[in-house]
Amino acid sequence: MLNSTLDQARKGNPITILKLPSGDIKSQLIRLGISEGDTLICIERLPGGTIVVQKNRQQIALGFDLAKKINIILQ
Amino acid sequence: MKFDNILKLDSDKITSSLLVEEETNSTQKVVLVGNPNVGKSCIFNYMSGMYVDVSNFPGTTVSITKSNYKGKDVFDTPGIYGVGSFNDEEKVARDIILSADVILNVVNALNLDRDLFLTLQLIDMGKKVSVLLNFSDELKKRKIKIDTQKLSELLGVEVYETAAVDKIGFDKIGEAIEKARTGKQELDLHFILQQVMAKSIPQCDSLLILEGDESIAQKHNITNGTANEREKIYIGRRNRVNEIIDVVEHEDSKKGEIFNLFGRYSLNPKTGIPILFVMLVIVYFFIGDIVSQRIVNFTENKIGKEFFEYNAKSFVGDFTPVDIDVVVHDNNGNPVNQRLFKFPSGINSNTQLKNEFELFSKQAGAQSDFHFSNPIAKLFFGEFGVVTMTVTYLLFLLLPLVIGFYFVMAMLEDSGYLPRLATMLDRSFNKIGLNGRAVIPIMLGFGCITMANITTRLLGSEREKSIVTAILQFVIPCSAQLAVIAALLSGAGFGPMILYVSVIFTVLITLSTILNKMLPGESSPLLIDLPMIGFPRMRNVLKKTFFRSFGFMKEASFWFFIGALAVGLMDISGILQVWQNLLAPFTTNWLKLPKEAANAFVMGMVRRDFGAAGLFHMSLTVMQKTVAIITITLFVPCIAAFVVMLKERGWKEGMIIWFGTWITAFLIGGIVAQFVI
Ligand SMILES: Nc1nc2c(ncn2[C@@H]2O[C@H](COP(=O)(O)OP(=O)(O)OP(=O)(O)O)[C@@H](O)[C@H]2O)c(=O)[nH]1
Ligand SMILES: [Mg+2]
């Protein structure tokens with residue numbers, strides 16, 4: 001268990017969302033199904049830090065600038 | 001569980017308490033609403049009998065399309081994850097939702113947890129809703145069970161299973177509209193809503209105001225909720241979704257792997273770049289070899305020149321003075337025999353010579369050039385004849401190539417690859433002030449710039465839209481242009497192509513880097529959901545290819561005719577000479593092309609791809625051709641694209657871009673010419 005940001009996640013890591021950045025982007029993430037407290041799996045981390053996570057049957061790609069603003073617990 | 005906290009509202013009571021001020025229009029307004037990429041357009045096509053694009057990436061539809069279904073108005077809308085105003089598509093969708101009588105909420109059964117958020121929001125708005133649980137074919141394949149009855153109970157609205165690609169469940173659409181009703185709303189939220197509604201504001205508006213929608217609040221002259229309040233409502237709604245999912249969804253084996261390895265590999269550059277490269281090579285051989293050489297050779301020369309033009313021209317020549325120059329070539333293309341036939345009063349007037357001419361001109365390898373002296377005959381059937389050139393060029397040269405390109409694009413759009421390409425390229429795009437999502441409009445640009453200009457709406461900020469719009473108009477060749485390029489360079493080998501690609505690419509990087517530095521504001525980060533990846537559905541691909549090619553022909557024929565007529569009239573009146581001489585310093589000294597190349601820029605203003613029509617008739621060296629196509633590529637966008645750009649981006653930006661393309665086209669074309677010619 002380790003407090004970190006999403007851009008630090010590695011392929012295959014299960015992660016729990018601790019805190020989302022505030023503002024419109026937070027609302028957008030909640031709509032997509034990424035809320036604080038959710039557990040997701042990082043299925044890909046591209047060179048440069050673009051992150052792809054999977055929640056249930058859905059895969060979502062997040063840019064590095066967004067990923068580094070999302071606080072997570074690495075498991 | 002707190003389902004007991006949910007109140008079933010009597011729909012009669014709501015309408016009476018709100019008494020919608022707007023006149024009830026006699027025709028019912030049925031609106032298809034759903035998350036992106038869930039099959040709304042598929043269903044719309046079925047209901048309306050029309051064709052709107054169906055593709056496998058989020059954001060295919062960016063504007064409203066209206067049609068009718070059994071006497072009701074039906075609307076296709078852009079996909080949204082929730083009703084709000086985070087971007088342009090959402091605003092467009094929001095307004096139509098607010099005015100809807102019935103909402104057909106399309107949900108993707110595989111991503112029910114994501115999609116139900118919007119469903120609950122629509123229900124909270126007090127709208128009459130029916131849910132179409134689409135992708136039910138995939139449920140069976142993956143052994144996922146969704147208890148639709150329970151779901152319907154919990155939502156308080158009807159739920160119908162559909163599989164839009166196979167037209168399954170469509171017999172129930174009429175019933176879905178009939179039985180649409182207001183669903184179960186959360187009590188706490190509804191209590192707060194009542195306070196806003198007390199000011200005689202409709203429920204749907206009230207909810208959006210509570211969720212912080214400024215423009216709706218202004219319309220009713222009250223203050224909107226804060227971002228914090230919105231979040232609270234959103235989190236509450238998300239929790240309700242999760243509770244519903246827990247009850248209705250069962251998956252037999254969690255192992256139902258949706259995303260195949262290809263999808264995985266295409267994400268990471270290590271494997272993704274080789275995949276991209278292989279795909280490009282396949283496309284190169286398909287277009288560059290099969291279509292542009294084998295097929296076009298046949299259609300253009302055999303059907304277009306030897307059959308259509310020959311017959312059309314000799315028919316006209318039957319009645320009007322004509323000199324015909326016939327050259328016979330051997331198998332290697334060397335002239336071996338030549339004869340000039342003069343018919344000062346039409347071919348028909350000299351039967352003996354007519355027979356000789358027919359015998360001579362119909363032997364293998366013969367090519368006939370008709371020179372009419374009557375100006376009208378010349379205008380319509382001469383070397384640049386409006387009729388002959390329009391038909392040969394459009395139908396027998398461009399069309400096969402354009403079909404080829406549209407086919408490739410349709411395969412790409414249907415495969416689910418584009419969002420993955422967007423993800424892979426995200427970091428590189430960040431360097432030019434964009435995020436990976438910009439891949440989508442740019443790739444669509446290779447199909448049609450006009451369409452791509454509209455698709456820029458799916459980008460997150462104005463500056464990104466400006467950058468991508470500029471890239472599209474300056475550097476991206478559309479399929480018609482690529483067709484011309486493929487035809488001009490066919491058989492010239494890799495060298496010119498590599499030169500062409502590197503010049504265009506350099507301009508792209510330079511242009512976007514400058515814009516990124518100059519434009520104020522900040523770009524948005526990538527946030528995109530990746531759809532299933534799979535082999536494209538041929539029916540969809542062919543249908544799309546057909547409709548696009550048809551649309552292309554419809555528009556292009558008219559404009560080509562106009563352009564060819566303009567050049568023809570300028571030619572006859574002598575203006576063309578003046579224009580050629582005027583541009584001569586540019587064309588001959590700077591671009592090092594023959595001065596007739598100036599004709600290309602007249603046609604090019606109508607449509608870039610037509611510009612090259614003139615080039616076909618000139619004998620150019622390979623490098624001259626390369627310079628010409630670089631210049632034409634960078635030249636102004638076609639009239640249709642130009643008009644759409646003005647509408648999307650405004651006059652000022654549009655005009656700057658338009659004049660900018662003149663300057664860059666000649667500047668870059670000339671610089672390249674200095675080096676290679
Ligand atoms: N397997 C399966 N695929 C479907 C079904 N319905 C639609 N699709 C596919 O899903 C993709 C999206 O379909 P569209 O009709 O373009 O979706 P849309 O909701 O209009 O998408 P946007 O316009 O982007 O919001 C296409 O590739 C369809 O072929 C279905 O029931 N089953
Ligand atoms: Mg659509």
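Quick note on labels: first sequence line is chain A, next is B, and so on, each numbered from 1.
- At a heavy-atom separation below 4.5 angstrom, chain B is approached by A:Gly23, A:Asp24, A:Ile25, A:Lys26, A:Ser27 within residues 20-27 of chain A.
- Heavy atoms of B:Phe86 lying under 4.5 Å from chain A belong exclusively to its side chain.
- Of the listed residues B:Asn108, B:Ile528, B:Asp529, the one with more heavy-atom pairs under 4.5 angstrom with chain A than any other is B:Ile528.
- Proximity to chain B is absent for every atom of A:Glu36, based on heavy atoms less than 4.5 angstrom apart.
- Considering every non-hydrogen atom in both B:Arg238 and A:Ile30, the closest pair reads NE-O, 2.7 Å.
- Listed options B:Met424, B:Arg427, B:Glu211 were ranked by heavy-atom pairs under 4.5 angstrom with chain A; first place goes to B:Arg427.
- Between B:Arg114 atom CZ and A:Ile60 atom CD1 the span is 8.0 Å, to the nearest 0.5 Å.
- With chain B as partner, the option from A:Leu46, A:Asp65, A:Ile43 having the largest number of non-hydrogen pairs under 4.5 angstrom is A:Leu46.
- Salt bridge annotation for B:Glu90-A:Arg31: present, with a cationic side-chain nitrogen under 4.0 angstrom from a carboxylate oxygen.
- Using a 4.5 Å heavy-atom cutoff, the side chains of A:Lys55 and B:Asp113 are in contact.
- In terms of modelled atom types and a separation under 3.5 Å, the side chain of A:Arg57 and the main chain of B:Leu110 share a donor-acceptor contact.
- Of the listed residues (A:Gly33, A:Gly63, A:Ala61), the one with the most heavy-atom contacts under 4.5 Å to chain B is A:Ala61.
- Between the CD atom in A:Gln58 and the CG atom in B:Leu112 there is a gap of 11.5 Å [rounded to 0.5 Å].
- For A:Val53, no part lies near chain B; criterion is any non-hydrogen pair under 4.5 Å.
- Using a 4.5 Å heavy-atom cut-off against chain A, the contacting residues of residues 265-275 of chain B are B:Leu267, B:Asn268, B:Pro269.
- Contact count against chain A (heavy-atom pairs under 4.5 Å) is highest for B:Leu527 among B:Asn242, B:Ile245, B:Leu527, B:Asn35.
- Within 6.0 Å of atom NZ in A:Lys69, 12 or fewer heavy atoms from other residues, nucleotides or ligands are found, so the atom counts as exposed in its surroundings.
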